Amino acid sequence: MATDILTGPTLLGTATRTRTYKNFIDGEWVEASTGDTFEDRNPADTRDVVGIFQKSGKADVDAAVDAAKRAFAKWRLVPAPRRAEIVYRAAEMLMERKEEYSRDMTREMGKILKETRGDVQEAIDTAYYMAGEGRRMFGPTTPSELPNKFAMAVRQPLGVCGMITPWNFPMAIPSWKLLPAIVCGNTCVIKPAQDTPLSTFNLARTLSDAGVPRGVINVVSGFGSDVGGPLLEHPDVRAISLTGSTAVGRIVGTTAAKSFKHCSLELGGKNPMIVLDDANLDLAIEGGLWGGFGTTGQRCTATSRIVVQKGIYGEFVERYVDRAKALRVGNGLDETTDMGPAINEAQLKTDLSYVEIGKSEGAKLKCGGNRLEGGEYQYGWFMEPTVFIDVDPKMRIAQEEIFGPVVSIIACEDLEDAIHIANNIEYGLSSSLYTKDVNKAFSAIRDLEAGITYINAPTIGAEVHLPFGGVKATGNGHREGGIGAIDFYSEWKSVYVDYSDRLQRAQIDRPE
Ligand code: UN1
């Protein structure tokens, strides 16, 4: 049996060995056909090489899809409850490995341990939920319009599913895709984000240890154009699921359409949190900090716009900014850290460029805006929590997804004005409203153009058994989580059983 690691180079000339991880194809750990590798470095300390991964190419994708195609012939015939039992076992094993995998994730992604434990927990929750689905996967049985005829619809798997996942939830998001897919009887090829491949390998390893047969899950690491492109174009891939930016989603969606692949896109967000005059201010401030700066603002659900009613605007701004300034930025492995680094240099540059954009647009920079350097920050991609106030809703900092710790505070007149501001944007993922007025809450639930609305909670923190996804430029109508995922990874087959022993013509023979 091939091993999953190779001996790698030494780290900084010390005795510490850096592991080299191979691709996982057909149940074997194999090197990429290209002979190339890339480094997975810790964004809090770039001297720390978390692992070396295969820089794969088209031939590796082809091998993975072939393996998945062969495995599909058998896996689709395994009863769904049996498939689900393996997923249940994986959930139990993930529980045991939670701390180790959370630490791996903080090292490769940067977010604080509390959050990486949450990320692994989200995969565990998804595994338990999807394990249950193995005994449901309900379809309708319904009366036929003809006598002595039975009608029903059953769910069938699609075949080989391709998955392209982001770096911000490196285990949770792969689990949202892989687990419903395999419970439905599909086989998978996943390309994890090049910044965070280790967490996906940890998930795949656990699924394999739990008993997922060879070829059912294949992991090919590498870069978008080298791996994602060939996966998207492969004629034997029947479905593509992407979580990423709206720009990438547009390319993936149009490419997938050419070969009629099922395609699920979960894309950008610019999520508003509305705070009305009657809100519990302490709660709103707490929520806005968690939503805005949790995961260093690198969530598609991040609370990146806070729309505050004018009666409490001054007090909210003052208290929110004081609290933002007090957040402790640092290495996520330190339990006292509130906010980790940006994922990489390019993201940090983007974040800082938006500070300049905001200033040039005339928004007031109330705190932050700078890169943190020197001392503990010397080798990482750190930035201060940043708050702009008096932001005009039309400014770029209030319209574009930054994906960093940059929050825009916008003043509003009343709920109607706030909803207008909230909706006047290309995205529609998450939204939130702080109020004690139930009438206002329910109007907002109806009127906010978003896939998710929270009342008296920030825009982050979706649970895995509810539909997850958005409207407008945030997606193409599919949902992850809950039954929405089962819907995506299965296809309906309608079945008619005529036991009348004669020809009965639907719509034509109309018995009295
Ligand atoms: C994402 O940022 O792509 O609801 C996913 C949340 C998390 C998932 C975020 N459970 O914030």
Side-chain angles (χ1 to χ4, degrees), residues 102 105 109-112 114-130 163-180 190 192-193 195-196 199-200 203 241-249 252 264-273 286-305 339-340 342-343 347 401-407 427-432 448 450-455 457-471 473-476 478-482 484-485:
S102 305
M105 196 188 295
M109 192 273 165
K111 63 185 173 183
I112 62 174
K114 238 184 241 133
E115 293 189 34
T116 53
R117 289 181 189 124
D119 195 309
V120 177
Q121 186 60 45
E122 201 159 331
I124 295 167
D125 295 344
T126 302
Y128 281 130
Y129 175 82
M130 288 302 166
M163 292 145 186
I164 303 172
T165 53
W167 45 261
N168 65 337
F169 277 82
M171 189 177 286
I173 291 179
S175 81
W176 296 357
K177 300 184 195 302
L178 290 170
L179 303 182
I190 185 166
D195 284 301
T196 57
S199 297
T200 305
L203 178 63
S241 177
L242 165 83
T243 300
S245 68
T246 292
V248 172
V252 169
S264 167
L265 304 172
E266 205 273 283
L267 311 173
K270 190 75 184 175
N271 312 289
M273 172 179 134
E286 204 69 50
L289 287 162
W290 170 230
F293 301 113
T295 328
T296 319
Q298 301 172 129
R299 292 196 193 207
C300 54
T301 51
T303 306
S304 45
R305 297 186 288 158
M339 190 180 100
I343 184 70
Q347 183 61 55
E401 185 179 50
I402 301 172
F403 228 63
V406 183
V407 171
Y427 299 112
L429 180 52
S430 189
S431 56
S432 112
L448 283 166
I452 306 168
T453 295
Y454 291 88
I455 301 298
T459 57
I460 67 174
E463 300 177 30
V464 304
H465 52 303
L466 275 80
F468 183 90
V471 302
T474 292
N476 62 346
H478 291 287
R479 291 291 183 270
E480 302 200 278

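The shown structure was predicted, so the numbers you read here are calculated from the model rather than taken from an experiment. When a ligand or atom number is given, it counts from 1 through the structure's own listing order.
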Checklist line | Top protein contact for atom 3 (O) of ligand 1, by heavy-atom distance | finding: C300 SG, 2.6 Å

Next item on the list: Mark the output for E266 as yes if a heavy-atom distance to ligand 1 is under 4.0 Å, and as no if none is.
Entry: yes

Next item on the list: Begin with the C-alpha distance, continue with both residues' side-chain angles, and end with the deciding distance and a verdict on side-chain contact (heavy atoms from CB on, under 4.5 Å) for M109 and D119.
Entry: CA-CA 11 Å; M109 192 273 165; D119 195 309; over 6 Å; no

Notebook entry, point to check: Does I460, backbone or side chain, put an N or O under 3.5 Å from an N or O of ligand 1?
Noted result: no

Check: Does the N or O separation between R299 and ligand 1 drop below 3.5 Å for any pair?
Finding: yes

Margin query: Within the 4.5 Å heavy-atom criterion, are V120 and I124 side-chain neighbours or not?
Written below: yes

Check: Going by the atom numbers of ligand 1, which of them fall below 4.0 Å from some non-hydrogen atom of F468?
Finding: 4 (O), 5 (C)

Next item on the list: Give the atoms of ligand 1, by number and element, whose distance to some non-hydrogen atom of A462 is under 4.0 Å.
Entry: 4 (O), 6 (C), 10 (N)

Next item on the list: Consider only side-chain N and O atoms of T459 and T301, and report whether a donor and an acceptor are under 3.5 Å apart.
Entry: no

Margin query: Given 3.5 Å as the limit, does a donor-acceptor pair link the side chain of N271 with the main chain of C300, or not?
Written below: yes

Notebook entry, point to check: So, is W176 polar-close to ligand 1, with some N/O to N/O distance under 3.5 Å?
Noted result: no

Checklist line | Top protein contact for atom 6 (C) of ligand 1, by heavy-atom distance | finding: G461 N, 3.3 Å

Notebook entry, point to check: Among protein heavy atoms, which lies nearest atom 9 (C) of ligand 1, and at what distance?
Noted result: F169 CE1, 3.6 Å

Checklist line | T296/K111 under side-chain contact (heavy atoms from CB on, under 4.5 Å): CA gap, chis, key distance, verdict | finding: CA-CA 7 Å; T296 319; K111 63 185 173 183; 5.6 Å; no

Next item on the list: Could you tell me whether a side-chain N or O of S241 sits under 3.5 Å from a main-chain N or O of K177, the two making a donor and an acceptor?
Entry: no

Check: Taking N or O atoms only and a 3.5 Å limit, does N168 qualify as a polar contact for ligand 1?
Finding: yes

Item checked: Rounded distance [0.5 Å steps], CD in Q347 versus CD1 in I402 -> 9.5 Å

Item checked: Test item, I173 contacting ligand 1 (heavy atom, 4.0 angstrom) -> yes

Next item on the list: Take F403 and N168 through the test side-chain contact (heavy atoms from CB on, under 4.5 Å) and record every step on the way to the result.
Entry: CA-CA 10 Å; F403 228 63; N168 65 337; 3.4 Å; yes

Notebook entry, point to check: Under 3.5 Å between some N or O of ligand 1 and some N or O of E122?
Noted result: yes

